[in-house]
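The structure under discussion appears below in the form of structure tokens.
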Amino acid sequence: MIRVRFAPSPTGYLHIGSARTFIFNWLFARRNGGTMILRIDDTDLERNTEESLQSIRDGLKWLGLGWDERYRQSERLDLHRAMAQDILAKGLAYRDFTPLLSGGGTMNASVAEKFNPDYRQLGTEESDRRASAGEAFVIRYRVPRGTGKSVRFTDLVYGEQEKALDDIEDFALLRSNGAPTYHLASCADDADLRISHIIRGQDHLTNTFKHLLVFRAAGVEPPQFAHLPLLLAPDGSKLSKRNHGIAVSIKTYEDKGIIREAFINFMCLLGWSPKDDREVLSLKELEELFSFKGVNRSNAIVNFTAQLPLDAKAVALNAEHLRLLTVEDLAARLLPFARQDWPEARLEKILQITPLIRERIKLLQGIQSAGDFFFAAELAPYESSELIPKKGDAALALRVLQQARETLATADFTHDGLDAALRGAAETLGIKAGQMFEPIRVAACGRKTAPPLFGTLEVLGRETCLKRIGQAITKLQTETTI
RNA sequence: GGCGCUAUCGUCUAACGGUUAGGACAGAGCCCUCUCAAGGCUUAAAUACGGGUUCGAUUCCCGUUAGCGCUACCA
């Protein structure tokens with residue numbers, strides 16, 4: 001029975017690296033008919049925040065993948081303490097009475113000792129006496145010393161792993177305030193929840209040796225491990241909130257208008273490959289293709305910039321996924337972005353615009369710059385020189401617009417009707433179609449780059465088109481010399 | 001400092017020990033075209049360095065260098 005878990009600790013907003021870990025766990029579970037478990041690892045009472053928990057909830061909700069079971073570590077403290085006591089009772093751990101230093105320990109990592117012999121060798125009676133006298137202590141795992149032995153396991157991604165016992169310090173299981181450490185709580189819960197595969201970031205690769213010792217001490221069969229390469233910033237440093245800001249938050253992707261399908265696709269391509277040349281993959285395809293054989297071992301850089309906090313490849317994949325949506329689906333997702341700029345925007349209008357802009361936007365946010373003239377009552381100011389077509393002058397522009405006003409007053413206001421009418425008008429004037437269309441486009445949209453003309457005019461409607469052309473004519477007459 | 005992991009175009013990546021080292025994004029150019037896109041075509045761009053093993057190393061081994069991780073009563 002395959003059981004996997006995603007275990008975030010609520011000490012910051014949902015990081016894209018965490019999101020990727022969730023995705024890989026989910027994919028592995030779904031691929032193999034397993035169970036996906038969400039476990040909030042909130043044993044660090046000092047650093048947990050409600051905002052962080054909410055950010056994780058929001059992020060996972062946006063991802064939309066879901067889970068089958070859900071737990072909170074802070075509700076399972078008895079289980080953790082019981083395991084610590086069990087290990088202590090077996091003599092595999094001991095009490096360390098070293099006082100907790102304010103400021104966080106000795107800070108001299110370069111000469112860090114693996115253990116303090118004073119307490120490691122303290123007799124059981126003496127230890128019990130001091131504990132019952134109320135002296136504070138931390139429970140440490142007693143790593144066997146001088147045996148020449150090592151701990152080993154086979155990682156599903158990194159292969160054979162081995163570490164000498166003598167290189168592992170006597171790590172803490174239970175803090176002096178009675179709270180379990182991450183190592184203890186994690187192992188106790190993984191054992192209790194019968195987790196079969198632990199899929200997590202490579203930053204835990206060396207912690208795994210400790211975890212194996214805990215599982216062994218508790219007398220439980222350890223799960224399988226699969227570690228994932230880490231995500232790095234463009235300069236090769238670890239992704240961090242402090243140094244990279246919003247670029248590490250999943251919310252940034254949502255806010256910019258990356259759709260979940262594209263985000264999941266992009267995350268999978270960071271550190272995993274289907275091994276053929278396919279890159280645009282649906283969730284269903286990812287589910288069918290995912291395996292640890294495709295996960296590679298070197299860290300991947302998320303190539304965001306100061307201008308755009310998203311990797312250009314994520315944006316490109318998003319553009320592909322946008323085109324895969326139906327018009328109705330895309331329009332519905334575009335609506336909230338349109339309403340950020342035009343609160344009155346209606347779905348009906350967006351449905352008309354969507355086919356015109358779907359191949360011209362890469363992010364949902366793109367509707368704000370690509371579709372402004374559809375929503376704005378009055379066009380943003382533009383230079384009258386914009387109205388003048390290539391190889392033409394103001395006089396030509398004026399003639400074109402006057403002809404257009406006449407033609408459009410009676411033309412059939414459909415794509416094909418406008419096509420025929422405006423090409424006919426160009427012929428009447430004896431000019432190229434392009435020269436005819438350009439002034440009309442600028443008059444209608446307020447700029448030279450816009451969606452194809454006929455569809456655009458159709459959506460704008462006769463009234464708006466005539467009004468804007470009239471304004472352009474006035475503009476030409478007052479701002480240029482003809 | 002100790003221990004561990006990793007190293008292919010700028011970035012993400014592919015390549016049973018035998019390939020002109022492939023694809024994608026980003027870049028450049030051309031075509032198409034009512035502008036912009038989209039699409040098509042073309043182009044530039046990589047095996048960190050040094051030793052082995054082998055008829056033959058991107059691939060296996062060792063070393064160097066670099067990056068990352070762990071080395072907390074954080075996770």
Side-chain angles (χ1 to χ4, degrees), chain A residues 7-12 41-44 46-47 96 98 100-101 104-112 114 136-140 155 158 161-164 166-169 171-183 185-186 200-210 227 229-230 232 234-238 266 269-280 296-304 311-317 319 323 356-362 370 389-390 419 422-423 426 432-438 440-442 445 447-454:
Chain A
S9 56
T11 54
D41 277 12
D42 53 353
T43 54
D44 185 358
E46 317 276 293
R47 299 202 304 153
D96 180 344
T98 307
L100 178 58
L101 296 178
T106 59
M107 282 298 139
N108 197 350
S110 62
V111 292
K114 297 281 185 275
F137 59 86
V138 47
I139 294 182
R140 288 184 184 283
D155 188 90
Y158 287 87
Q161 301 296 317
E162 177 176 2
K163 184 160 186 162
D166 287 337
D167 288 329
I168 303 173
E169 68 281 2
F171 54 96
L173 298 175
L174 208 62
R175 296 189 257 251
S176 53
N177 65 3
T181 63
Y182 160 74
H183 299 303
S186 180
R200 66 201 344 177
Q202 191 235 53
D203 47 344
H204 287 298
L205 190 63
T206 45
N207 283 334
T208 304
F209 298 104
K210 294 174 190 168
H227 288 87
L230 265 21
L232 305 178
D235 65 357
S237 65
K238 187 185 175 182
F266 174 62
L269 260 20
L270 251 22
W272 173 85
S273 157
K275 302 293 181 192
D276 53 26
D277 288 336
R278 287 195 291 166
E279 296 205 327
V280 180
N296 71 8
R297 291 171 290 280
S298 52
N299 296 341
I301 290 174
V302 183
N303 205 13
F304 56 82
D311 191 311
K313 188 143 187 171
V315 175
L317 280 169
R323 287 175 217 138
L356 295 171
I357 63 169
R358 71 183 310 174
E359 287 184 352
R360 266 158 272 268
I361 59 173
K362 292 175 184 295
K390 274 187 288 243
D419 189 335
L422 291 174
R423 282 184 198 280
K432 287 185 178 173
Q435 287 182 301
M436 178 83 203
F437 300 160
E438 205 172 317
I440 301 174
R441 170 176 296 111
V442 175
C445 305
R447 58 162 180 262
K448 285 182 172 168
T449 62
L453 190 61
F454 314 130

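Labels below follow one simple rule: chain letters A, B, ... track the order of the sequence lines, proteins then strands, and each chain is numbered from 1.
B:rA44 and B:rA26 have their C1' atoms separated by 13 Å, with the value rounded to a whole Å. Across B:rU43 and B:rG22, the matching P atoms stand 11 Å from one another, rounded to whole Å. A gap of 27 Å separates the C1' atoms of B:rU71 and B:rC62, to the nearest Å. Here the separation of B:rU58 from B:rG18, taken at their C1' atoms, is 12 Å to the nearest Å. For the C1' atoms, the distance from B:rG51 to B:rG10 is 30 Å, rounded to whole Å. Distance check on atom P: B:rC68 versus B:rC73 gives 24 Å, rounded to whole Å. One C1' atom belongs to B:rC31, the other to B:rU54, and the distance between them is 49 Å to the nearest Å.
Listed candidates were B:rC3, B:rU6, B:rA75. Nearest to the side chain of A:Tyr158 is B:rU6. Listed nucleotides B:rC5, B:rU35, B:rC25 differ in distance to A:Ala316; the shortest reach to its side chain belongs to B:rC25. When each of B:rA38, B:rG69, B:rG2 is scored by its nearest atom to the side-chain atoms of A:Gln202, the top-ranked nucleotide is B:rG69. Here the side chain of A:Phe437 is nearest to one of B:rC34, B:rA75, B:rC36, namely B:rC34.
Residue A:Arg140 places at least one side-chain N or O under 4.0 Å from the OP1 or OP2 atom of B:rC73. Taking only side-chain nitrogens and oxygens, A:Ser237 never comes nearer than 4.0 Å to OP1 or OP2 of B:rC68. For the pair A:Arg447 and B:rC36, the criterion of a side-chain N or O lying under 4.0 Å from OP1 or OP2 is not met.
Within 4.0 Å (heavy atoms only), A:His204 reaches at least one base atom of the nucleic acid. Using a 4.0 Å heavy-atom criterion, one finds that A:Pro452 contacts the bases of the nucleic acid, with or without backbone contacts as well. Using a 4.0 Å heavy-atom cutoff across all strands shown, A:Gln435 reaches no nucleic acid atom at all. Using a 4.0 Å heavy-atom cutoff across all strands shown, A:Ala433 reaches no nucleic acid atom at all. Residue-level contact check: A:Thr98 touches the bases, meaning some heavy atom is under 4.0 Å from a base atom. Among the atoms of the strands shown, none is found under 4.0 Å from any heavy atom of A:Arg278. Within the 4.0 angstrom heavy-atom criterion, only backbone atoms of the sugar-phosphate kind lie near A:Arg323; the bases stay farther away.
If you measure from atom CG of A:Asp155 to atom C1' of B:rU6, you get 13 Å, rounded to the nearest angstrom. A:Arg47 places its CZ atom 6 Å from the C1' atom of B:rA75, with the value rounded to the nearest Å. Put simply, CG on A:Leu205 is 17 Å from P on B:rC68, counting in whole angstrom units. Distance A:Leu230 CG to B:rC68 P: 11 Å, rounded to the nearest Å. Atom pair A:Lys362:NZ and B:rA26:C1' shows a separation of 10 Å (rounding to whole Å applied).
Side-chain contact between A:Phe171 and A:Thr181 is absent, with no heavy atoms from C-beta onward closer than 4.5 Å.
When both pairing distances are held under 3.5 Å, B:rC30 makes a Watson-Crick or G-U pair with B:rG40.
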Using a cut-off of under 3.5 Å, enumerate the N/O to N/O pairs linking the protein to nucleotides 7-13 of chain B.
from	atom 1	to	atom 2	distance (Å)
B:rU11	O4'	A:Asn303	ND2	3.3
B:rC12	OP1	A:Ile301	N	2.9
B:rC12	O2'	A:Leu269	O	2.6
B:rC12	O2	A:Lys313	NZ	3.4
B:rU13	OP1	A:Gly271	N	2.4

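At a cut-off of 3.5 angstrom, counting only N and O atoms as typed in the model, there is a donor on one side and an acceptor on the other between the side-chain of A:Ser176 and the base of B:rC73.
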